[in-house]
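Notes for the one structure printed next.
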Amino acid sequence: VQLQASGGGLVQSGGSLRLSCAASGRTFSSYALGWFRQAPGKEREFVAVISWSGDNTYYAHSVKGRFTISRDNEKNTVYLQMSSLKPEDTAVYYCAAQSDGRLGRGSYYYTTVISYDYWGQGTQVTVSS
């Protein structure tokens, strides 16, 4: 699976952005897909993950209620709709895929970088105050 993230940019505090991650590979629809982010000088952190069917999702506490993850298996694309953006959301955002498509383990497992098999390049999101 190869992943290509896009949609980042500069936005004012309170604004919205939608990130996209296009995937190639015939097994895309069987993978769970997640978003992580990394701010300068900080570790990469979990943002959200969605199961292969789209029925199950998990969010980081810091983005719950503001961000929505979704996927379109016909387009091989996963999205991250970000609303009510804050300066602390500024980071490089990465999409990632893992083979446990059903999200059948405990939610903590899917928040860890090591549990993901494939990573895309990042897309920069900058939120100005």
Side-chain angles (χ1 to χ4, degrees):
V1 177
Q2 293 183 324
L3 305 169
Q4 180 80 26
S6 62
L10 174 64
V11 64
Q12 289 188 334
S13 181
S16 300
L17 274 177
R18 188 177 80 157
L19 305 183
S20 300
C21 178
S24 61
R26 58 183 179 177
T27 60
F28 167 85
S29 61
S30 68
Y31 279 74
L33 298 168
W35 288 95
F36 284 71
R37 66 186 182 186
Q38 188 166 18
K42 295 188 176 182
E43 293 186 352
R44 193 168 297 189
E45 66 172 3
F46 169 77
V47 175
V49 64
I50 187 167
S51 64
W52 72 272
S53 66
D55 290 343
N56 292 326
T57 57
Y58 296 123
Y59 293 91
H61 178 73
S62 59
V63 307
K64 199 168 186 179
R66 300 188 298 122
F67 292 9
T68 301
I69 189 170
S70 61
R71 66 189 292 164
D72 185 334
N73 286 341
E74 290 189 0
K75 296 182 178 179
N76 281 7
T77 302
V78 61
Y79 304 97
L80 186 68
Q81 178 67 48
M82 305 184 295
S83 302
S84 301
L85 283 162
K86 306 174 182 179
E88 51 263 43
D89 295 318
T90 295
V92 177
Y93 283 70
Y94 299 88
C95 56
Q98 65 145 269
S99 58
D100 182 12
R102 296 178 181 271
L103 301 184
R105 306 186 188 195
S107 59
Y108 174 76
Y109 177 78
Y110 305 102
T111 71
T112 62
V113 170
I114 199 171
S115 69
Y116 289 80
D117 304 300
Y118 302 97
W119 291 84
Q121 95 297 349
T123 185
Q124 175 72 47
V125 172
T126 303
V127 184
S128 63
S129 57

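These numbers come from the heavy atoms of this one structure, side chains and all, not from hydrogens, waters or symmetry mates.
Under the 4.5 Å side-chain heavy-atom criterion for grouping Ile, Leu, Val, Met, Phe, Trp and Tyr, Val92 is connected to Val49 within one hydrophobic cluster. Both Val63 and Leu33 belong to a common hydrophobic cluster when Ile, Leu, Val, Met, Phe, Trp and Tyr are linked at side-chain heavy-atom distances under 4.5 angstrom.
Between Phe46 and Tyr58, the distance separating the two ring centers is not shorter than 6.0 angstrom.
Residue pairs that meet the salt bridge (charged side-chain N to carboxylate O under 4.0 Å, His left out) test with at least one member in residues 112-129, sequence neighbours left out, do not exist here. For residues 74-101, no pair satisfies ring-ring contact (aromatic ring centres under 6.0 Å, His included), with sequence neighbours left out. Applying the salt bridge (charged side-chain N to carboxylate O under 4.0 Å, His left out) rule to pairs touching residues 45-69 yields Arg37-Glu45, Arg66-Asp89, sequence neighbours excluded.
Taking every heavy atom of both residues into account, Leu3 and Cys21 meet most closely at CB-SG, 3.8 Å. Closest of all the heavy-atom pairs between Ser20 and Thr77 is CB-CG2, 4.2 Å. Of all heavy-atom pairs spanning Ala5 and Thr123, the tightest one is CB-CG2, 4.2 Å. The heavy-atom pair separating Gly34 from Ile69 by the smallest distance is CA-CD1, 4.5 Å. When every heavy atom of Leu103 is checked against every heavy atom of Ala32, the shortest pair comes out as CD2-CB, 3.6 Å. Closest of all the heavy-atom pairs between Ala23 and Val1 is CB-CG1, 4.3 Å.
Other residues, nucleotides and ligands contribute only 12 or fewer heavy atoms inside 6.0 Å of the CD atom of Gln2.
For Tyr116 (side chain) and Tyr110 (main-chain N/O), a donor-acceptor pair under 3.5 Å exists by modelled atom type. Between the side chain of Arg71 and the backbone N or O of Ser51, at least one donor-acceptor pair lies under 3.5 Å. Looking at Tyr31, its side chain never comes within 3.5 Å of a backbone N or O of Ala96 through a donor-acceptor pair. Counting only distance, with no hydrogens or angles, the side chain of Gln4 and the backbone of Gln121 share no donor-acceptor pair below 3.5 Å. Looking at Asn73, its side chain does come within 3.5 Å of a backbone N or O of Trp52 through a donor-acceptor pair. Counting only distance, with no hydrogens or angles, the side chain of Tyr109 and the backbone of Gly104 share no donor-acceptor pair below 3.5 Å.
With values rounded to the nearest 0.5 angstrom, Asp72 atom CG is found 11.5 Å from Ser29 atom OG. The line from OG of Ser107 to CG of Asn56 is 11.0 Å long, rounded to the nearest 0.5 Å. To the nearest 0.5 Å, atom CG of residue Leu85 and atom OG1 of residue Thr126 are 11.0 Å apart. Here CZ of Phe67 is found 14.5 Å from CZ of Arg18. Values are rounded to the nearest 0.5 Å. We find the CG-CD distance between Leu10 and Gln124 to be 9.5 Å, quoted to the nearest 0.5 Å. With rounding to the nearest 0.5 angstrom, the OG atom of Ser129 is 9.5 Å from the CD atom of Gln12.
Residue Met82 forms a side-chain contact (heavy atoms from CB on, under 4.5 Å) with just one option from Leu17, Val127, Val11, and that option is Leu17.
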Taking it one step at a time, do Phe36 and Thr111 satisfy side-chain contact (heavy atoms from CB on, under 4.5 Å)?
CA-CA 9 Å; Phe36 284 71; Thr111 71; 5.9 Å; no
Determine, stepwise, if the pair Ile50 / Tyr59 fulfils side-chain contact (heavy atoms from CB on, under 4.5 Å).
CA-CA 9 Å; Ile50 187 167; Tyr59 293 91; over 6 Å; no
